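Each remark here refers to the structure printed beneath this line.
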Amino acid sequence: QALAQDLGTALQRITALEDTLAALTMLAMRAMPTDERPGFAEALAALAATAEKHHDMASATLLTDLHRAAVQSGRA
């Protein structure tokens, strides 16, 4: 039971880190000049593709989520 609680806490912390990285990505997009935003989003997508190519699915998934946050923020 303690292990299950520890795993639950770890999952909550991982989710919080992912959400925080997405928020920081959105802040970075808003702070940069408009003409630089697409390049930043594309760089995140390229990093995700490289991670996937190297079978690092955890990083690929996170980078894909960050790319999505960047694209959404760039439209705002």
Side-chain angles (χ1 to χ4, degrees):
Q1 189 174 9
L3 178 59
Q5 184 175 359
D6 289 346
L7 289 173
T9 300
L11 182 57
Q12 288 176 342
R13 293 182 74 180
I14 291 168
T15 300
L17 286 169
E18 291 174 342
D19 291 346
T20 300
L21 285 171
L24 290 171
T25 299
M26 293 173 82
L27 285 173
M29 284 288 286
R30 290 181 181 150
M32 70 180 63
T34 305
D35 63 324
E36 293 180 16
R37 294 175 185 178
F40 183 74
E42 290 171 15
L44 288 169
L47 289 170
T50 299
E52 186 173 356
K53 181 179 176 183
H54 289 95
H55 307 288
D56 182 357
M57 298 314 294
S59 294
T61 301
L62 177 58
L63 287 161
T64 298
D65 289 345
L66 296 179
H67 170 256
R68 187 176 303 113
V71 169
Q72 289 174 350
S73 179
R75 289 187 207 145

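Worth saying up front: this structure is predicted, and the values here are computed from it rather than measured. This chain uses plain numbering: 1 for the first residue, then up along the sequence.
- Other cluster members for Met29: Leu21, Met32, Phe40, Leu44, Leu47, Leu62, Leu63, Leu66, joined by side-chain heavy-atom distances under 4.5 Å among Ile, Leu, Val, Met, Phe, Trp and Tyr.
- The CZ atom of Arg37 sits 14.5 Å away from the CD atom of Glu42 when rounded to the nearest 0.5 Å.
- The side-chain heavy atoms of Val71 and Arg68, taken from C-beta on, include no pair separated by under 4.5 Å.
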Determine all donor-acceptor pairs shorter than 3.5 Å in which one atom belongs to a side chain in residues 48-60; sequence neighbours excluded.
{"from": "Thr50", "atom 1": "OG1", "to": "Ala46", "atom 2": "O", "distance (Å)": "3.1"}
{"from": "His54", "atom 1": "ND1", "to": "Thr50", "atom 2": "O", "distance (Å)": "2.8"}
{"from": "Asp56", "atom 1": "OD1", "to": "Ser59", "atom 2": "N", "distance (Å)": "3.2"}
{"from": "Asp56", "atom 1": "OD1", "to": "Ser59", "atom 2": "OG", "distance (Å)": "3.3"}
{"from": "Asp56", "atom 1": "OD2", "to": "Ser59", "atom 2": "OG", "distance (Å)": "2.8"}

Show me the side-chain donor-acceptor pairs of residues 3-20 shorter than 3.5 Å, one per line, residues at least two apart or across chains.
{"from": "Thr9", "atom 1": "OG1", "to": "Gln5", "atom 2": "O", "distance (Å)": "3.1"}
{"from": "Thr15", "atom 1": "OG1", "to": "Leu11", "atom 2": "O", "distance (Å)": "3.0"}
{"from": "Thr20", "atom 1": "OG1", "to": "Ala16", "atom 2": "O", "distance (Å)": "2.8"}

